[in-house]
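All chains are named by letter (A, B, ...) in the order of the sequence lines, taking the proteins before the strands, and each is independently numbered beginning at 1.
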There are 2 protein chains.
Amino acid sequence: MAADGQQPADGERAPRRGPASQQDMRRQNLALVMRTVAAAHPLSRADVAGRTGLTRTAVSSLVDELIAGGLLVEGELERSGRVGRPGRALVLNDSGPAGLGLEVGVEHLGACVVDLRGDVRIELHRAAPNAARPADRTLAELAELAAQIEAQAVALGLRVVGRVLAVPGSVRVPVEGPGRYLEHAPNLGWHHLDLPAAWPGPGTAPAVENEANLGAMAELWQGVGSGTFVHISAGEGIGGALVLDGRLFGGVQGFAGELGHLTVRPDGRPCSCGARGCLEPYAGLAAVLRSSNLTVRHDTDAVGELVRCAEAGDPAVLRALLHAGTALGTALAATVHLIDPATLVLGGAYADLARWLLPAMRTELAALIRVRPWPDDALRASPLARRGPVLGAALTTVQRLHADPAALWQSGTG
Amino acid sequence: MAADGQQPADGERAPRRGPASQQDMRRQNLALVMRTVAAAHPLSRADVAGRTGLTRTAVSSLVDELIAGGLLVEGELERSGRVGRPGRALVLNDSGPAGLGLEVGVEHLGACVVDLRGDVRIELHRAAPNAARPADRTLAELAELAAQIEAQAVALGLRVVGRVLAVPGSVRVPVEGPGRYLEHAPNLGWHHLDLPAAWPGPGTAPAVENEANLGAMAELWQGVGSGTFVHISAGEGIGGALVLDGRLFGGVQGFAGELGHLTVRPDGRPCSCGARGCLEPYAGLAAVLRSSNLTVRHDTDAVGELVRCAEAGDPAVLRALLHAGTALGTALAATVHLIDPATLVLGGAYADLARWLLPAMRTELAALIRVRPWPDDALRASPLARRGPVLGAALTTVQRLHADPAALWQSGTG
DNA sequence: TCTATTCGTCAGGCCGGAAGACAAATTAAT
DNA sequence: ATTAATTTGTCTTCCGGCCTGACGAATAGA
């Protein structure tokens, strides 16, 4: 469910098509200063110059622009005990531009606001029967929630400059340049939704992005992901999001990471896709529930129920999770051999179930990966778990400001 | 065999660490002009300006520098029948800087010289018992071969400015910044070879790179690869090289693309790695030979023998290739689900055997890939086949000049 | 109080591309 | 044939961005 065709076939990524101008140079250096300050917070202009290789003069000019744009603020004098005139501390502005993350789940709505430092400042959740009502009702409530949280943000001195919505479905464009068009969200019963057109609120419509992808990016920015990793989450199907060298990789048609249909048991159980032996009928949420002999009402928290039963020691549930873990291990061994990631991160529902899934998965991984080292702890549960998608949605805006601060006051290529 | 630990764990690729200077801007624009001319050969300065977005003035200045550097040459006046003063044609210099590719195989040495246009100008092959003699003997002969072909290049007016050696083994650094240190080449019996130290010739020692990776890059630059694809080749083991968005992806530790140890038959044949059911004991060259009941002398062209027997209709060989093809199809279905490449390219020995492998592979791929479209012709045999590695080695230099022409006269970051 | 040291800023210079003007070379029209 | 129109390539001028060097400001140590 992670990535189903949300990217037009643009295989060749344009590395920089137009000519390089002095404006681009300026932009790059603004970003460089921004990144440097973000990396090691209280820093004087001279520190930044030392770390970046720019002259103090240039840094001063760049910093002036960033301060004028509201991205940096000048703190007090750093009295560090060293000889010489003390520098003025530069820090990321925690009362400036901020990112808004929204989330539509099957049974809830979520929203959060993150400031430039990446700190979550406000977070709201609300139960909502989104699968059982038309999309416009849900969007109306979401818009209302967004307006409410934005008002709270203003009260904190924050200015929301980007809105991203996490949905359990497929979108046209990946995180880098957020999409506006929702292809399919089977769990919600939403299809071909043009968000700017359908958005009811007074504010701007958010960009849409797949929740699994956003969860993966959140992991990269704040969790245990480190440059190159694979994020596995369970939704309608099983989705892997590939983060390679710090960038989300969607493949040529956006189908990359389709873990759910890796063959783990040749000629095994039939899968909904028409093939046999796919991972999904062994480790998908639906399959686990069926094997557990649990009949969960559709509008109920199935994962929570599984966790409760597992904690209570229900043998059918434990067996189901063991089998699922083994099958997941088989598929992930293939993933490790192909991608060679630094870590595998279990997200979403799998993170909640990690306590029972991990042992079987690690056993299987150790059995199948022999030709290269594979430490047990390279497979981890996400600490963000189900908060990942909203967080990732809100952080998308913040990260974009870090990567290209000039985008705020200079319309142009993000 | 493609990628066995040839890359230090540098997961995070530095996107540009230092500050952007005016020199960088100049470099980028030089590269832009170079790429533009390379893409559509006879082009006037005004054409280049139109395509790049640079002014005619800027293009003139950049072109002057490229001509002075010997990368471009000015042709005759283009009399194109259109009104207005005709422009002077700019073309890539085919008598200027060139790339030298070298290859050490188990039974042969190879060399070729490619000019700036990517045309192969000279190509030499020589049988040589490299597995049966010490490395220094082979290197001595290789250096002699290199000197010989460089002399021929000079006679053609070419100046070799980069040398890359393709080896069937693992190297420290990937193509981008060629390595100098050979880790292991089991087929040759070479281990821990520091090439600059061991090089006997009077000339400079070549950079070393894995032959499967070079074959993949050759496919990208001149073959059927298109931005994002997987290149599969057979050597000691089975190696997949991943080319994603036009860049070779090695994974965190350089192990990416280890197709040979994907599990295709759980609890199947034991593999040399210690696990069971890997692809290698089903589709590796050694396994195919064994199943074919062919006893090939070690110093003989095993692949050629297989092709001859298959053409003659030997039932055991045909059966062996059918089984290998099916197993390859299973592994490649997983690859497609995970990577979502535009194409799969069979290279090296598999390209020679493609006629017999392809049908079973396509059947298996069609059976397992149901959740997304997968056209039969997305799986192809490489047209370069066994010439790929040498070609890729020579083209590495040429591509580097296209991507950063200033590197020729301005020492700095490649 | 004075010196050494470090910070931030100011003035001047250099480099690279943009804008506009001009000569040169061709086609089309008179 | 001559003139107008058009396109090319170069020249001059300008501007924006960073660098170099120098200076006042602010601190620690003598």
Problem - Criterion side-chain hydrogen bond (donor to acceptor under 3.5 Å, both in side chains) on S44(A) and D47(A), from CA distance to verdict - result: CA-CA 5 Å; S44(A) 71; D47(A) 289 335; 3.2 Å; yes

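Nearest heavy atoms, M34(A) versus L66(A): N-CD1, 4.3 Å. The two residues G69(B) and R159(B) come nearest to each other via the heavy atoms O-NH2, 4.4 Å.
Residues satisfying the side-chain hydrogen bond (donor to acceptor under 3.5 Å, both in side chains) test with T52(B), not counting sequence neighbours, are none.
DNA chain D lies under 4.0 Å from at least one heavy atom of each of the following residues of residues 85-92 of chain A: R85(A), P86(A). Using a 4.0 Å cutoff on non-hydrogen atoms, no part of residues 63-71 of chain A comes near DNA chain C.
Listed for the Q222(B) side chain is a donor-acceptor partner under 3.5 Å among the backbone atoms of G118(B). In terms of modelled atom types and a separation under 3.5 Å, the side chain of N29(B) and the main chain of A20(A) share a donor-acceptor contact. Of the possible polar contacts, one joining the N93(B) side chain to the S95(B) backbone as a donor-acceptor pair under 3.5 Å is found.
Just one residue in the list V73(B), V37(B), L43(B) forms a side-chain contact (heavy atoms from CB on, under 4.5 Å) with V91(B), and that residue is V73(B).
Looking at heavy atoms from C-beta onward, L156(B) lies out of side-chain contact with Q152(B) at the 4.5 angstrom threshold. The closest side-chain heavy-atom distance from R163(B) to E150(B) is below 4.5 Å.
A distance of 12.0 Å separates CG in L244(A) from CZ in R247(B), rounded to the nearest 0.5 Å. Of the inter-residue distances, the one linking L90(A) atom CG with L71(A) atom CG reads 12.5 Å to the nearest 0.5 angstrom. Atom OG1 in T397(B) sits 10.5 Å away from atom CG in L116(B) (nearest 0.5 Å). Rounded to the nearest 0.5 Å, atoms CZ (F249(B)) and OG1 (T228(B)) are 12.0 Å apart.
The environment of CD in E74(A) is crowded: more than 12 heavy-atom neighbours from other residues, nucleotides or ligands sit within 6.0 Å.
Axis deviation across the helix from dT1(C)-dA30(D) to dT30(C)-dA1(D) amounts to 10°, comparing end segments of five pairs, rounded to 10 degrees.
When DNA chain C is scanned 5' to 3' for any atom under 4.0 Å from a heavy atom of chain A, the first and last hits are dT5(C) to dG16(C).
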Completion exercise
Whether each nucleotide of nucleotides 14-23 of chain D has a protein heavy atom under 4.0 Å at its base (B), only at its sugar-phosphate (S) or at neither (-) is summarised, 5' to 3', as --BBSSBBB-

